[in-house]
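Notes for the one structure printed next.
Note on naming: letters A, B, ... go to the chains in the order of the sequence lines (proteins, then strands), and numbering restarts at 1 for each one.
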Number of protein chains: 2
Amino acid sequence: MMRLWSNRFVYRRMTTTGRRAGSGMNIGEIARRAGVSRSTVSYALSGKRQVSAGTRKRIMEVIDELGYRPNASARALAEGRTRTIGLVIPPASNRLTHMQLDFVASVVEVAAQADLDVLLSPSGGDHDRSFERLVSESRVDGVILMEIRIEDARVSRLRKARMPFVGIGHPSQDEQLCWVDVDYAGLIDHCVHHLADLGHRHVALLNRSPELVASGYGPGHRARAGFMQAVEERGLTGLELLCGDDARSGQECIAELLRSHPEVTALATVNEAALPGVQRALAEADRHIPRDFSISGVVADQWAEDFRPALTAADVPAATMAAQAMSLLIDRIKDPATPAQHLLMSPPITLRSSTAAAPPPGSADATPSADG
Amino acid sequence: MMRLWSNRFVYRRMTTTGRRAGSGMNIGEIARRAGVSRSTVSYALSGKRQVSAGTRKRIMEVIDELGYRPNASARALAEGRTRTIGLVIPPASNRLTHMQLDFVASVVEVAAQADLDVLLSPSGGDHDRSFERLVSESRVDGVILMEIRIEDARVSRLRKARMPFVGIGHPSQDEQLCWVDVDYAGLIDHCVHHLADLGHRHVALLNRSPELVASGYGPGHRARAGFMQAVEERGLTGLELLCGDDARSGQECIAELLRSHPEVTALATVNEAALPGVQRALAEADRHIPRDFSISGVVADQWAEDFRPALTAADVPAATMAAQAMSLLIDRIKDPATPAQHLLMSPPITLRSSTAAAPPPGSADATPSADG
DNA sequence: CCGGTTCGCCGAACCGGTTCGACTTCTCCG
DNA sequence: CGGAGAAGTCGAACCGGTTCGGCGAACCGG
């Protein structure tokens, strides 16, 4: 069991001939060239202790000359934080909606302003390894979790790992969860009231796909709830359409609606991707917007403006939501004990040109009769 | 100058009561509980040296029990690589096209399969700090650079930092650069030949926005080149339209085209985002697709299928491109001396329903006369 | 029974930063 | 002139991994 230690220095590696040759550009090299110690360079850069003006100037000159930037991994290891946040997005297979894309872009933008990097992780589907790496290998300081389901395994996983996070969307009832969401229920309710005010008595809700809603997708459920509430309050006849997230499904869905329920004169939608199809179906049935048929809903502003005629709709404020979520997250990273906050955003409905007074009773029935 | 060393052990920090309490979950803790040294745990995990079956089993049991995962920053520091790649995207202000989005999603997907993480960095615009962090702080092992311009400062920056990277798109002539691109010139040439074969004599190219093309945007320039070549080869009359990347611009652009050049009966497009507008403008002018007007071009397959009628077009194979780019990048990370490769992808043109034989001469002129 | 190999494990150096205690020097004040 | 206090710097420990040289024991053939 005895070991011979007399030769220990013989085997000591020389500092100057490390394992990797590397670029030799590290804080030690800067220190050497500036004739100070490594800690002094660190303090000159961070300002956490005073460094004399002369010394600082010398150090900065060396740094500028060599274009030195501290190594992110080493810094993360020492500081215990990565200056990176994780953005968990729905898997690419389920095509992202424009609203979601706006949101991703905004998060990256806002993060860049706060000098944070963003690590992207698709989750759901089969590749949860990426998500697992994020939470358990300390790759990020916090996480923004998109598209939270009513029951969501990832939420409990993040909690177990004590990883600060903010959700986009919110599960059923969970006071401790910190989230930002769009008030789909309130907005759709508002839209339907607007349509009722214009005299529409038979309205439809264009919801997301059957699978999505069945899997507990919050916006789908809440849009439905808001719709039902408003329909009941105003004594309307309401009809819900579950429609795939693409133009073709939209076209089929609306064509079917016009055929089977010609009395419907107005639509509230939360399904942006279906809109081009909605337009085609109405055009083919010779229903003019907004003269014969009104459309309103919750839509990314770009789509609302691109539609012809421009949509009267609640524009989802993706950039604001991203900024809010990031701000909440940064708070929770600083102090994990920060009480959970819930931000339910309720953007105003912008009046554009897709809604008008309901056509006089009977006229709607007459038009599509050519089709039947 | 003399220092008192007799007390050095008095001030030595105890290992068990470190600066941060932390979760105490590190390789040392695993080693302690399994009754082995840290290096043995490391080898048991990496398999880089043999570890006896019994020891390995004991270690793995402890690891599973505690749910241990090695710290990414520490590993990155020690290994000299981050297992992360950077994806440099155009700034969010310039809205991403569907093709680009498909590409981003595919990159994330492919990276996840290779157990790599993806760090997102918007560049261009004012926030180049993010890009700078990426290249100079060793945050990533390699970079995929989207939307390379004919002259691109980021390319030289990456080169100076000796950071392996692969471009999507390619600058004018640069043999050392490694890239993957779509053969816009060849594809548009092919499209125009197809239209010419159908008897069209007056064709237009729907290019991207004037600003984008002016700023040296490769696809714009190459689409133009391919268009001009084919027009010349077939003795056609060609017209180029520079059109903003949105439906409204598309509508205005095509409306103007139909008014001023009613003899044009076919369009080749590289501007997906304008397509809904193209459709509206043609419908308003009572030009039926494909009876009165043919459309072809380079379009993400989803858009091609969503269009009515479905577009005869070259579907950009975003997923394949992403996989190729990633594979190239991984090669260059492994061995930076790998010779640069250039992959010019030329997907087949899928025949759908938006192209047909040119209308007989004269009929095209007659239709829009009602408008004038 | 002995020298050489192989196997399995350990201790220490190292990656490149940050942070803390302590030392030297300089200044100010009684 | 001496002691207190502040300013500026340094050395070393530390973050949590990986990797390398080396050692003891078991195993081998002659």
Side-chain angles (χ1 to χ4, degrees), chain A residues 1-5 7-20 22-31 34-56 59 68-82 137-138, chain B residues 1-5 7-20 22-31 34-56 59 68-82 137-138:
Chain A
M1 201 52 95
M2 209 184 66
R3 301 212 178 141
L4 197 61
W5 286 119
N7 61 354
R8 62 185 293 190
F9 291 103
V10 174
Y11 295 109
R12 171 168 289 170
R13 294 195 200 93
M14 298 295 120
T15 306
T16 50
T17 61
R19 222 174 315 172
R20 280 183 299 282
S23 57
M25 265 252 295
N26 54 40
I27 201 171
E29 183 62 20
I30 303 293
V36 296
S37 74
R38 300 194 306 149
S39 49
T40 302
V41 175
S42 179
Y43 287 126
L45 278 170
S46 70
K48 293 189 179 171
R49 277 198 191 175
Q50 220 151 25
V51 170
S52 72
T55 306
R56 165 180 288 108
I59 292 174
Y68 164 79
R69 298 288 304 270
N71 178 293
S73 304
R75 194 210 287 255
L77 178 57
E79 281 188 319
R81 62 183 185 133
T82 59
E137 295 182 4
S138 305
Chain B
M1 199 53 90
M2 210 185 64
R3 298 206 180 146
L4 196 61
W5 288 120
N7 61 353
R8 63 185 292 191
F9 291 102
V10 174
Y11 295 110
R12 171 169 290 170
R13 294 194 200 94
M14 298 296 119
T15 306
T16 51
T17 61
R19 221 177 314 172
R20 280 183 299 281
S23 56
M25 267 251 295
N26 54 41
I27 202 171
E29 183 62 19
I30 303 293
V36 296
S37 75
R38 302 195 304 148
S39 50
T40 303
V41 175
S42 179
Y43 287 126
L45 279 171
S46 70
K48 294 190 180 172
R49 277 198 192 175
Q50 221 152 24
V51 171
S52 73
T55 307
R56 167 180 289 110
I59 293 174
Y68 163 81
R69 299 288 304 270
N71 179 292
S73 304
R75 193 210 286 255
L77 178 57
E79 281 188 319
R81 63 185 184 130
T82 59
E137 295 181 4
S138 306

Atom [atom1] of [X] and atom [atom2] of [N]: how far apart are they, to the nearest Å?
X      : N      : atom1 : atom2 : value
B/L77  : C/dC14 : CG    : C1'   : 9 Å
B/L45  : D/dG16 : CG    : P     : 16 Å
B/N26  : D/dC15 : CG    : C1'   : 9 Å
B/R81  : C/dG16 : CZ    : P     : 16 Å
B/I27  : C/dG11 : CD1   : C1'   : 14 Å
B/E137 : C/dC15 : CD    : C1'   : 17 Å
B/R69  : D/dG17 : CZ    : P     : 12 Å
A/I59  : C/dG17 : CD1   : P     : 14 Å

Below 3.5 Å is the cut-off: list the nitrogen or oxygen pairs between protein and nucleotides 6-8 of chain C, distance only.
{"unit_1": "C/dG8", "atom_1": "OP2", "unit_2": "B/Q50", "atom_2": "OE1", "d": "3.0"}

In terms of side-chain heavy atoms of [X], which of [options] is nearest?
X     : options                : answer
B/S42 : D/dG17, C/dT18, D/dT18 : D/dT18
A/N71 : C/dG17, D/dT18, C/dC20 : C/dG17
A/R75 : C/dT18, D/dG16, D/dG17 : C/dT18
A/R49 : C/dG17, C/dC10, D/dT9  : D/dT9
B/S37 : C/dT18, C/dG21, C/dG11 : C/dG11

Would you say [X] places a side-chain N or O within less than 4.0 Å of OP1 or OP2 belonging to [N]?
X     : N      : value
A/T40 : D/dT9  : no
B/K48 : D/dT19 : yes
A/S39 : C/dT19 : no

Qualifying residues under side-chain hydrogen bond (donor to acceptor under 3.5 Å, both in side chains), relative to B/T82, sequence neighbours excluded |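 So B/T82 forms a side-chain hydrogen bond (donor to acceptor under 3.5 Å, both in side chains) with B/D141.
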side-chain hydrogen bond (donor to acceptor under 3.5 Å, both in side chains) against A/S73, all qualifying residues, sequence neighbours excluded |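 A/S73 satisfies side-chain hydrogen bond (donor to acceptor under 3.5 Å, both in side chains) with no residue once adjacent residues are dropped.
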Closest-nucleotide ordering on DNA chain D, the 5'-leading residue of A/V36 and B/S46 =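 Nearest-nucleotide comparison on DNA chain D picks A/V36.
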Measure the spacing between [atom1] of [X] and [atom2] of [Y] and express it to the nearest 0.5 Å.
X     : Y     : atom1 : atom2 : result
A/I27 : A/Y68 : CD1   : OH    : 4.5 Å
B/N71 : A/L77 : CG    : CG    : 6.0 Å
B/T40 : B/I59 : OG1   : CD1   : 6.0 Å

Residues which pass salt bridge (Lys or Arg N to Asp or Glu O under 4.0 Å) with B/R69, listed by chain and number, not counting sequence neighbours |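 Once residues adjacent in sequence are excluded, the partners of B/R69 under the salt bridge (Lys or Arg N to Asp or Glu O under 4.0 Å) criterion are A/E137.
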For A/R49, enumerate each residue passing the salt bridge (Lys or Arg N to Asp or Glu O under 4.0 Å) test, keeping only those at least two apart in sequence or located in another chain.
->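 Salt bridge (Lys or Arg N to Asp or Glu O under 4.0 Å) check on A/R49 returns nothing, list empty.
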Mind listing the side-chain donor-acceptor pairs of residues 41-48 of chain A below 3.5 Å, one per line with the distance, residues two or more places apart or on another chain?
{"unit_1": "A/S46", "atom_1": "OG", "unit_2": "A/S42", "atom_2": "O", "d": "3.2"}
{"unit_1": "A/S46", "atom_1": "OG", "unit_2": "A/K48", "atom_2": "N", "d": "3.2"}

Counting only distance, no hydrogens or angles, is the base of C/dC20 paired donor-acceptor with the side chain of A/Y43 under 3.5 Å?
->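 Indeed there is one.
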Donor-acceptor pair present, A/R38 side chain and C/dG17 base, under 3.5 Å =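 For A/R38, whose side chain was compared with the base of C/dG17, there is a donor-acceptor pair (under 3.5 Å).
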side-chain contact (heavy atoms from CB on, under 4.5 Å) partners for A/S52, two or more places apart |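 Testing A/S52 for side-chain contact (heavy atoms from CB on, under 4.5 Å), a comparison that skips the adjacent residues, returns A/T55.
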For DNA chain D, what is the dot-bracket line, given that a base pair needs Watson-Crick (N1 to N3, plus N6-O4 or O6-N4) or G-U wobble (N1-O2 and O6-N3) geometry with both distances under 3.5 Å, and | means paired with another strand?
-> ||||||||||||||||||||||||||||||
